[in-house]
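Worksheet: one structure, shown below.
Quick note on labels: first sequence line is chain A, next is B, and so on, each numbered from 1. The figures that follow rest on heavy atoms only: side chains count, while hydrogens, waters and symmetry mates do not.
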Number of protein chains: 2
Amino acid sequence: MAVTIKDVARLADVAPSTVSRVIANNPRISEKTKRKVKEAMEYLGYHPNFNARSLANRSTQAIGLVMPSSADHAFQNPFFPEVIRGISTKAHEKEYALYMSTGKTEDEIFDGVVQMVQGRRVDGIILLYSRVDDRIMTYLQQQQFPFTVIGKPFKNADCITHIDNDNYKASQELTEYLISLGHERIGFVGGNLNLVVTIDRLLGYEKAIRDAALDYKDHYIVHEQFLKEGGQEAVKELFSLPDPPTALVVMDDLMTFGVISTLKELGLSVPDDISVASFNNVMISELSTPPLTSVDINIFQLGYEAAVGLLDCIQTCKLGKRVVVPHKLIIRQSCKPKLEGLETKETV
Amino acid sequence: MAVTIKDVARLADVAPSTVSRVIANNPRISEKTKRKVKEAMEYLGYHPNFNARSLANRSTQAIGLVMPSSADHAFQNPFFPEVIRGISTKAHEKEYALYMSTGKTEDEIFDGVVQMVQGRRVDGIILLYSRVDDRIMTYLQQQQFPFTVIGKPFKNADCITHIDNDNYKASQELTEYLISLGHERIGFVGGNLNLVVTIDRLLGYEKAIRDAALDYKDHYIVHEQFLKEGGQEAVKELFSLPDPPTALVVMDDLMTFGVISTLKELGLSVPDDISVASFNNVMISELSTPPLTSVDINIFQLGYEAAVGLLDCIQTCKLGKRVVVPHKLIIRQSCKPKLEGLETKETV
DNA sequence: TTGTAAGCGTTATCAT
DNA sequence: ATGATAACGCTTACAA
């Protein structure tokens with residue numbers, strides 16, 4: 001049996017409540033007994049039982065993390081480790097631990113959240129993604145349970161604390177960059193259209209295209225899943241068009257790897273035959289061949305601020321803050337100017 | 001105030017203990033009351049309080065995960081999401097959740113583990129790495145707390161349940177593959193020498209080199225940190241030797257990206273000027289340019305089996321099993337035969 | 001088959 | 001400044 005507060009109390013010759021006060025660093029306790037108790041704790045190797053504390057306290061010192069279904073392989077995206085690193089950093093400052101429910105399907109994940117919330121396993125929750133019509137978000141709102149969202153809520157954005165980039169603007173800028181290189185036929189390779197981030201980036205792209213008085217063509221827009229499976233088809237179709245794009249805006253660095261790989265199969269090379277620009281600027285982007293031009297969205301900070309926001313929620317029960325994390329275009333070697341009059345070689 | 005077991009009991013007109021039995025699915029309870037209680041639970045929207053249950057039960061239904069310090073960026077390695085996906089899958093089958101302590105430095109992480117253990121936050125722990133002389137492992141052994149290790153414990157391997165690849169053999173095979181392509185000057189780019197996996201792979205490499213009666217040269221062996229920072233130097237040195245290697249065995253796909261990028265700076269291209277082979281076969285390996293020849297170590301299964309082993313430990317309190325997850329050489333395009341008499345061009 | 005009551009290890013509310 | 005004592009919500013002997 002582990003050593004409890006009572007054992008400490010007995011050894012220090014005080015009441016259990018006194019020991020509890022010492023732990024909580026209650027100011028009105030004499031230095032003398034404080035020392036005495038601490039010695040006893042040290043001697044016995046005492047460590048507080050978190051469950052007992054949570055029960056009495058109704059606070060767990062843990063934050064729940066909700067990821068997209070690990071079934072779709074979004075999981076493998078380096079975005080997640082990095083955003084968690086950000087969350088973890090802030091959490092640690094306040095001595096919070098992280099809690100993840102397990103579960104593959106939609107329903108399992110939802111049940112996991114319910115368990116976290118109703119089972120009082122966590123003090124608050126961070127949603128690591130934002131989708132159109134998300135049950136979980138609706139549920140958390142109903143429950144008035146503290147939570148923050150990474151990304152922009154599809155609706156009620158002004159009463160949900162969320163941390164986001166200005167993806168609309170970022171996408172617009174990225175597209176404008178390609179336009180400034182002389183590209184006129186620019187495709188968009190998006191991911192899951194249920195994700196709000198996909199929508200925002202698509203809209204930003206459209207804005208830039210229209211502002212530049214270029215044709216906004218539906219068939220320049222394809223959506224592959226974040227990773228390669230199946231997505232290859234979409235890209236291949238794009239390049240079997242009579243007027244294939246000369247540049248591509250891609251949702252995500254990881255997807256870009258898939259795109260580049262597919263293009264290579266088609267005999268097209270980046271950036272010589274086609275320019276590619278994307279988002280996230282994960283570490284490997286810099287190391288890839290060619291190094292990717294990418295919008296750095298400050299993933300770490302996204303996570304850090306989400307934790308800041310959540311801890312705020314937990315303390316003050318206030319919701320509705322919007323934090324915008326700045327982005328920055330990082331220009332590397334995956335884009336080249338479109339030379340006037342020099343047509344991209346037609347696909348096979 | 002949340003709805004408790006008492007509320008349910010009152011509504012169903014039974015004793016709290018009966019409700020508890022229904023939850024636990026106790027066989028000796030009449031179908032009638034079982035139904036009655038379940039209805040009441042449904043009606044009130046009852047959910048058990050996990051802390052209370054843990055306290056009474058001394059079981060948390062949570063598994064603690066210990067990662068290497070997130071300070072060194074090992075974290076970004078896709079190995080971790082994938083191994084966690086494996087763990088998560090098994091954990092979910094048995095309705096366990098995952099718990100991660102936060103903390104950057106060695107000491108913080110150690111304290112986190114102590115809190116998990118002594119604070120009864122988890123039922124068992126999985127170490128996601130294995131190092132030489134690890135305090136945490138020593139501590140867990142002393143405490144006789146259920147844990148499993150991914151990788152091979154440096155010592156006491158036979159009394160610690162661990163899940164590992166046969167890294168020695170894998171490395172030997174990978175090196176032999178390079179030798180079979182005609183390479184005679186083969187370098188080894190390792191990572192942190194405190195990691196047991198590094199040591200095993202280095203030894204396997206050495207074995208293959210010696211078996212083939214090639215020179216085992218110390219200066220063909222460099223150790224860069226897992227990610228690029230600083231590591232560039234080591235690789236550069238390697239290629240300023242009078243007799244630079246024509247092929248490289250690299251610890252890890254992610255490191256390979258760094259290596260390839262550095263080589264490109266030196267004007268060397270893979271696989272034309274130099275062959276590179278590595279380990280892990282993370283998803284991007286297939287999508288990279290060139291696609292990497294890599295040993296698939298079944299990361300998912302590594303995680304899955306670690307969870308299996310841990311849950312076993314928790315139930316039976318038995319330790320000391322060793323599970324070897326099979327590996328498989330995946331040949332792609334990062335290696336080329338060394339042509340006889342055709343010297344690699346000297347570095348600048 | 002079900003109820004009663006004593007824990008589980010804390011914190012919190014009174015007293016003193 | 002400290003001590004009793006009652007929660008916190010659940011499980012589990014032991015009784016019935």
How large an angle, rounded to 10°, do the end axes of the helix from C:dT1-D:dA16 to C:dT16-D:dA1 enclose when each is built from five base pairs? 40°
Test: salt bridge (Lys or Arg N to Asp or Glu O under 4.0 Å). Region: residues 15-24 of chain B. Which pairs qualify, not counting sequence neighbours? none
Considering only heavy atoms, which members of residues 47-56 of chain B lie under 4.0 Å from some atom of DNA chain C? B:L55, B:A56
Ring pair (Phe, Tyr, Trp, His ring centres under 6.0 Å) partners of A:F110, counting only residues at least two apart: A:Y139
B:S30: what forms a side chain to side chain donor-acceptor pair (under 3.5 Å) with it, not counting sequence neighbours? B:T33
Taking salt bridge (Lys or Arg N to Asp or Glu O under 4.0 Å) as the definition, give me every residue that meets it alongside B:K155, ordered by chain and number, with sequence neighbours left out. B:D133
Of all pairs that satisfy salt bridge (Lys or Arg N to Asp or Glu O under 4.0 Å), the ones with a partner from residues 91-100 of chain A, not counting sequence neighbours: A:K90-A:E93
With a 4.0 Å cut-off on heavy atoms, is A:V14 in touch with a base, just the backbone sugar-phosphate, or nothing at all? sugar-phosphate
Side chain to side chain donor-acceptor pair (under 3.5 Å) with A:N25: which residues, sequence neighbours excluded? none
Can you tell me whether the side chain of B:S17 and the base of C:dT4 have a donor-acceptor pair closer than 3.5 Å? yes
Distance-only criterion, 3.5 Å: show the donor-acceptor pairs between side-chain atoms of residues 123-132 of chain A and protein atoms not counting sequence neighbours.
residue	atom	partner	partner atom	Å
A:D123	OD1	A:T60	N	2.7
A:D123	OD1	A:T60	OG1	2.8
A:D123	OD2	A:T60	N	3.1
A:D123	OD2	A:Q61	N	2.9
A:S130	OG	A:K152	O	2.6
A:R131	NE	A:D134	OD1	3.2
A:R131	NH1	A:E106	OE2	2.7
A:R131	NH2	A:E106	OE1	3.3
A:R131	NH2	A:D134	OD1	2.7

Using a 4.0 Å cut-off on heavy atoms, which residues in residues 22-42 of chain B reach DNA chain C? List them by number, or say none. B:R28, B:I29, B:S30, B:T33
Got a sec, which residues hit salt bridge (Lys or Arg N to Asp or Glu O under 4.0 Å) with A:D7, two or more places apart in sequence or on another chain? A:R10
Salt bridge (Lys or Arg N to Asp or Glu O under 4.0 Å) contacts touching residues 29-49 of chain B (sequence neighbours left out): B:E31-B:K34
For D:dT11, does either OP1 or OP2 sit under 4.0 Å from a side-chain N or O belonging to B:S20? yes
